[in-house]
Structure formats: structure tokens, C-alpha cells
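For reference, the structure discussed in these notes is given below.
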Amino acid sequence: MRHAPLVMLTFALCGGSFVPNAVSAADSAADRQGGTTLRYLALGDSYTIGEGVEPAERWPHRLVHLLAAGGVTLAADAPEIIARTGWTTDELAAGISEAKPRGPYELVTLLIGVNDQFRGRSVESYRHEFRRLLDAAIGFAGKRPGRVLVLSIPDWGVTSFAASSERFAPQRIGREIDAFNAITKSETESAGAVFLDITEETRAAGKAAGELVGDGLHPSGRQYGRWAEAALPLAKRALTAK
């Protein structure tokens with residue numbers, strides 16, 4: 001799905017598993033004592049890269065702004081984003097291998113899966129690939145699952161883009177998104193990471209004026225702002241997780 005949202009992650013592939021490139025906890029602590037502030041890595045798809053909006057309107061950037069307003073200062077380059085419009089879970093994994101982000105990060109977010117659903121992939125295939133990405137995200141967070149915040153897949157079936165073609169069936173899309181999100185929630189919570197449901201927010205926004213960008217598919221900065229507000233208390237809590 002060329003228009004569907006997607007983000008990129010980076011890992012080294014070793015023996016069939018993703019191994020995050022990381023510095024030691026001691027090195028990380030030394031860096032912070034030397035003046036480096038909290039680091040944030042945002043992983044996912046076009047919803048994370050903010051297809052159709054300015055960088056400052058992306059939800060990860062808005063989250064950084066909200067954290068700063070509350071006295072939580074992140075690194076000058078935060079958020080570090082690995083994302084691309086149209087990526088599936090495995091394509092995100094390939095992006096991870098190429099980007100090679102260097103952890104540990106104090107906060108990692110992950111939002112992925114809409115293109116797996118769009119391309120008709122099975123829920124079991126998605127479960128396998130999502131689990132690998134989640135494990136990698138936890139690795140980037142210094143093996144602290146509580147530092148990882150996973151967002152649910154938005155329901156693009158309610159958009160004007162979906163309504164513009166008879167080949168899309170909004171109710172079917174919604175059911176499939178729910179099935180994928182059930183896996184996302186289950187795997188996230190089983191791993192000890194934090195799950196945030198934004199799907200109902202996207203359904204409530206639908207295709208109302210001002211909620212989507214010009215392509216009729218991707219959220220506007222207004223909608224991303226609400227995502228960031230919903231993520232804020234969970235991100236604050238994650239930043240204190242051991």
C-alpha cells in the first residue's frame with residue numbers, strides 16, 4: 001500500500017535474530033553525566049514519519065514538545081525516527097538492519113502493521129514479524145521492556161481514501177485491523193512493554209474536516225496532536241521504568 005503509514009527500524013541480523021547495536025549501561029550513564037539528555041527512538045511507518053505533514057506536526061515530535069513543556073528534556077536530535085511510508089513489518093526490519101541505531105535509548109516507540117493488513121498477510125505471519133520487532137525495540141531500550149511504548153494500528157477504513165474506491169470494504173478493514181491489534185496488544189503486554197490504543201481515536205475522527213491531509217488517508221497534525229497527548233502520561237511513566 002503505497003499510501004499506507006509505515007516506519008523503519010534498524011538491527012544487525014545474527015543467526016536469525018535481530019541484535020541491537022548498543023553501548024554499555026555504564027557508557028550510557030557516563031554520556032548523560034557529561035551533558036547528554038534522554039534519547040528517544042521512534043519506529044514504525046508513515047504514521048510515525050508523518051506522511052503529508054511538516055516534521056513538527058508528527059506525533060513523536062509533538063510528544064517531545066509535550067515532555068519538554070513538563071520539564072522532561074530529551075536529546076537535541078530527539079526523536080530519532082526510522083520510518084517510511086508503505087513499509088510492512090519485514091520491510092521495517094530490513095530498514096533496521098540498514099540504519100543500525102545505537103542504543104540504549106531511554107524511550108522507544110513502535111507503530112507498525114497497517115501495510116501487513118493492507119497486503120492481505122495473515123495474522124500469524126504478522127504475529128511472528130511483530131514479535132521480532134518488539135524484541136528488537138526492547139533491546140534498543142537497554143532490555144527494559146517498560147521503556148517501550150507500542151501504539152495500535154489506526155483504522156484507515158474510515159478515511160475518505162477508503163470510501164473513494166469500491167474495492168475497499170470499511171467493515172472488513174475494521175475487523176482485520178481489530179484482529180491485528182489483538183495480537184499487538186497481547187504480544188506487547190506479554191513482553192512487559194506498554195500498549196496504547198489509538199484506533200478508536202482514529203475511528204472517531206473518521207474523515208471529518210481537518211482530520212486528514214490532502215491524500216484523504218493520513219492523519220493531519222491536529223489528529224497527531226491528540227495521539228501525542230494520549231501518549232504523554234505513558235511516556236512519562238516509561239521514562240521511569242527500570
Side-chain angles (χ1 to χ4, degrees), residues 1-11 18 39-67 74-103 105 107-119 126 129-130 133-134 136-137 140-141 148-156 159 161-162 177 180-181 184 196 198-199 201-202 205 210-232 235:
M1 181 178 184
R2 179 185 174 282
H3 299 281
L6 221 39
V7 160
M8 182 194 282
L9 288 184
T10 309
F11 298 78
F18 289 115
R39 303 174 69 216
Y40 166 27
L41 177 65
L43 309 166
D45 55 30
S46 62
Y47 291 125
T48 297
I49 200 64
E51 179 75 19
V53 302
E54 294 298 319
E57 294 183 294
R58 299 166 177 166
W59 76 264
H61 284 83
R62 286 179 173 262
L63 177 58
V64 168
H65 177 77
L66 291 172
L67 286 167
L74 279 76
D77 62 350
E80 294 180 45
I81 294 181
I82 304 175
R84 184 172 298 174
T85 299
W87 270 354
T88 53
T89 45
D90 57 308
E91 290 167 339
L92 173 55
I96 293 169
S97 295
E98 181 180 351
K100 298 178 176 62
R102 187 172 176 81
Y105 294 85
L107 176 66
V108 180
T109 59
L110 175 62
L111 168 51
I112 194 68
V114 69
N115 294 290
D116 294 71
Q117 180 274 326
F118 179 82
R119 297 189 198 180
Y126 171 70
E129 294 295 337
F130 176 79
L133 290 173
L134 179 59
F140 284 132
V148 177
L149 173 60
V150 177
L151 278 68
S152 66
I153 303 168
D155 186 352
W156 65 275
T159 66
F161 173 82
I177 292 292
F180 275 58
N181 277 332
T184 303
L196 172 61
I198 58 167
T199 308
E201 165 63 33
T202 66
E211 295 295 336
L212 302 172
V213 295
D215 63 9
L217 172 62
H218 292 95
S220 66
R222 177 191 300 177
Q223 192 171 163
Y224 282 139
R226 294 197 297 273
W227 296 11
E229 290 170 358
L232 179 62

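- A donor-acceptor pair shorter than 3.5 Å cannot be found between the side chains of Ser152 and Thr184.
- Atom CG of Leu63 sits about 14.0 Å away from atom OH of Tyr224, to the nearest 0.5 Å.
- Partners of Ala162 by side chain to side chain contact (heavy atoms under 4.5 Å, CB included), not counting sequence neighbours, listed by chain and number: Trp156, Thr159, Phe168.
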Determine whether Glu80 and Arg102 satisfy the following criterion, salt bridge (Lys or Arg N to Asp or Glu O under 4.0 Å), listing intermediate values before the conclusion. CA-CA 11 Å; Glu80 294 180 45; Arg102 187 172 176 81; over 6 Å; no
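- Between the Arg58 side chain and the Ile49 main chain, a donor and an acceptor come within less than 3.5 Å of each other.
- Under the ring pair (Phe, Tyr, Trp, His ring centres under 6.0 Å) criterion, Phe180 pairs with Tyr126, not counting sequence neighbours.
- Remark: Arg62 engages no residue in a salt bridge (charged side-chain N to carboxylate O under 4.0 Å, His left out) (not counting sequence neighbours).
- Side-chain atoms of Ser220 and Gln223 include no donor-acceptor pair closer than 3.5 Å.
- The aromatic rings of Tyr105 and Phe140 sit perpendicular, their planes meeting at an angle over 60°, well past the 30° parallel limit.
- Although no hydrogens or angles enter the test, the distance criterion places a donor-acceptor pair under 3.5 Å between the side chain of Asp116 and the main chain of Thr89.
- The line from CG of Asp155 to CD1 of Ile177 is 5.5 Å long, rounded to the nearest 0.5 Å.
- Remark: Glu57 engages no residue in a side-chain hydrogen bond (donor to acceptor under 3.5 Å, both in side chains) (not counting sequence neighbours).
- Not counting sequence neighbours, the partners of Tyr40 by the side-chain hydrogen bond (donor to acceptor under 3.5 Å, both in side chains) test are Thr109.
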